[in-house]
Amino acid sequence: MDRIFIGSGLDRISDLPSNVIDHILAFLPLKDAVRTSTLSKNWKEKWHTMPHVIVDEDLFHERSQRKLEGIINYILGRHEGRIEKFSVSVEKVKNSYNMQWWIWRLSQKCIQELTLIIRRGRCNEVPSVLFSYQQLRKLNLRHCEVKPAHLFRGFQSLTNLQLNKVNIATAAFEKLISSCPLLEHLTVRKLSCVDHLHINVPKLKYFCFDGEFKSMCFNTPLLEVLSVNLYRIGSENNQFDLRFKFRCLPSAIKELYVRCHFHKYLAACDTFNEDLTYSNLRVLALNAFCFEKVDQVICLLSLIGTAVNLITLEITACRYSSEAVLEPLTKFWEEQSNAPLTLNKLQKVRVRSFRGKEPEIKLIQFIMANSPALEELTVECMKNPDFDEDEVKGVLQVLCKASTEFKFIGGNYESSSEESSDSDDNSNGSYSSDDSD
């Protein structure tokens with residue numbers, strides 16, 4: 001074997017195969033990839049063929065918005081060969097013709113992943129040529145407008161779709177998702193459409209919806225993860241409009257996350273199809289849950305009663321109503337002694353925004369009494385609680401089995417029931433809502 005000594009004059013960087021160079025460039029930030037042109041003569045134009053082009057204003061923070069758009073034009077104009085992944089994240093687009101040219105140029109590049117994030121300014125119409133990207137597998141659009149006339153064929157190869165602050169009619173949205181036969185991952189936030197939604201996506205496995213709707217029907221037999229954040233809908237003077245319903249929630253569901261800020265108007269008993277069993281459900285998280293409302297308690301117990309394999313249960317309490325009538329709830333809990341619930345697989349229970357009220361304690365006691373495999377119970381109190389924490393802690397601790405780890409987090413806990421976060425890709429099952437701006 002020949003030995004290579006330092007100073008032998010061999011230029012290993014220049015002699016790297018093209019596919020190795022492309023692989024290296026794919027892991028570099030765009031600014032650094034461009035800088036590789038100074039490494040050697042052979043590297044001078046290598047960045048022109050890099051398969052991943054990711055542009056955001058952090059890389060060119062010293063540039064004006066107009067110059068940044070010019071840089072993107074320059075990069076796409078000089079690029080040769082395929083672009084597998086193209087991502088642009090900018091504050092706004094000053095010249096709509098630039099965006100149209102980007103989309104047209106990418107149509108020649110066999111693009112597979114496209115992210116176009118615009119944070120503010122007027123919504124730019126997405127050029128119709130985008131819907132000719134039949135090889136596209138992932139699409140992420142923010143602050144754009146989609147015209148119904150553009151939706152001719154959908155995306156035949158798309159598996160992941162994210163829409164954030166996109167102006168699109170309800171019928172056009174439904175046509176779009178139903179025209180993506182391979183779609184598995186769908187994230188929708190703050191769409192302009194507010195109506196009765198039909199989610200007809202047979203291969204869908206993950207669905208995150210953050211926004212407004214009146215009802216939602218599912219044709220998603222493979223759906224495993226559903227996360228819904230309903231934060232505003234209808235008029236405050238019309239309680240019917242503030243209700244929402246899920247219909248035909250698929251029995252394949254494994255993780256269900258529900259958040260509703262208008263908790264006092266939540267039509268909880270309309271939420272689940274009582275004719276179905278949810279034996280696949282492993283994780284259930286409910287936010288803004290009203291412990292003092294009998295209908296919501298009945299709905300919860302009905303659901304988890306069919307979820308025989310439920311492992312994790314998380315409940316965040318809503319604001320306690322001083323006007324709540326507790327007599328029906330007291331009678332209900334008296335009747336439950338003859339109607340035990342079996343939760344043989346339940347291992348973890350977490351209650352957030354705990355206020356130490358009797359309805360909360362009753363539900364926790366009931367779940368503990370019917371969960372023989374319970375390993376961990378966590379109770380997180382509201383900040384500055386108006387009850388004796390030690391007293392309530394003692395009441396709950398007495399009921400815990402020796403095998404159950406009991407965590408009681410005192411009043412230094414900050415409530416999360418009204419929180420929201422700002423993220424362009426919040427793709428995990430969570431309560432957080434996008435774009436608090």
Side-chain angles (χ1 to χ4, degrees), residues 137-140 154-164 166 168 170-171 173-191 193 195-230 244-260 266-287 299-300 302-314 345 425-434:
R137 294 186 295 107
K138 294 184 179 181
L139 176 62
N140 184 354
F155 297 99
Q156 299 304 306
S157 302
L158 199 70
T159 61
N160 188 312
L161 175 62
Q162 299 180 54
L163 301 177
N164 188 346
V166 173
I168 183 172
T170 301
F173 170 70
E174 293 177 351
K175 182 178 180 181
L176 171 61
I177 61 175
S178 63
S179 300
C180 302
L182 302 181
L183 189 62
E184 296 182 355
H185 190 290
L186 176 61
T187 301
V188 178
R189 295 189 172 96
K190 298 186 178 181
L191 292 193
C193 58
D195 214 326
H196 305 279
L197 298 180
H198 299 268
I199 311 302
N200 181 21
V201 190
K203 292 196 174 183
L204 194 66
K205 294 182 179 179
Y206 174 94
F207 180 38
C208 176
F209 185 95
D210 183 342
E212 306 172 346
F213 65 93
K214 293 180 180 178
S215 68
M216 191 175 293
C217 298
F218 294 88
N219 178 21
T220 54
L222 302 181
L223 187 65
E224 297 180 350
V225 180
L226 174 62
S227 176
V228 175
N229 180 11
L230 176 68
F244 76 89
K245 300 179 181 180
F246 296 132
R247 296 191 184 279
C248 304
L249 191 65
S251 59
I253 201 80
K254 292 183 178 179
E255 299 179 27
L256 176 61
Y257 307 86
V258 178
R259 179 178 182 177
C260 176
L266 173 62
C269 287
D270 294 331
T271 303
F272 308 107
N273 189 333
E274 296 180 356
D275 297 330
L276 295 175
T277 59
Y278 298 94
S279 58
N280 294 302
L281 191 62
R282 301 294 189 273
V283 178
L284 174 63
L286 302 178
N287 206 27
C299 178
L300 172 62
S302 174
L303 173 62
I304 63 179
T306 66
V308 294
N309 293 306
L310 188 67
I311 296 174
T312 300
L313 174 63
E314 296 186 5
K345 299 293 182 66
D425 184 11
N426 180 23
S427 59
N428 56 10
S430 69
Y431 306 131
S432 57
S433 65
D434 195 338

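The figures that follow rest on heavy atoms only: side chains count, while hydrogens, waters and symmetry mates do not.
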Where is the tightest heavy-atom contact between [X] and [Y], given as atom of each residue plus distance?
{"X": "Y206", "Y": "L223", "value": "N-CD1, 3.8 Å"}
{"X": "H185", "Y": "L183", "value": "O-CD1, 3.7 Å"}
{"X": "V308", "Y": "S279", "value": "CG2-CB, 4.1 Å"}
{"X": "P221", "Y": "A252", "value": "O-CB, 3.3 Å"}
{"X": "L204", "Y": "L186", "value": "CD1-CB, 3.7 Å"}
{"X": "L182", "Y": "S157", "value": "CD1-CA, 4.0 Å"}

Set of salt bridge (charged side-chain N to carboxylate O under 4.0 Å, His left out) partners for E174, sequence neighbours left out | none
Could you give the distance from [atom1] ([X]) to [atom2] ([Y]), rounded to the nearest 0.5 Å?
{"X": "L281", "Y": "E255", "atom1": "CG", "atom2": "CD", "answer": "9.0 Å"}
{"X": "L303", "Y": "L286", "atom1": "CG", "atom2": "CG", "answer": "7.5 Å"}
{"X": "L300", "Y": "L284", "atom1": "CG", "atom2": "CG", "answer": "6.5 Å"}

For S178, check side chain to side chain contact (heavy atoms under 4.5 Å, CB included) against everything at least two apart and list the hits.
->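 S178 satisfies side chain to side chain contact (heavy atoms under 4.5 Å, CB included) with N200 once adjacent residues are dropped.
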Side chain to side chain contact (heavy atoms under 4.5 Å, CB included) against I311, all qualifying residues, sequence neighbours excluded = R282, Q347
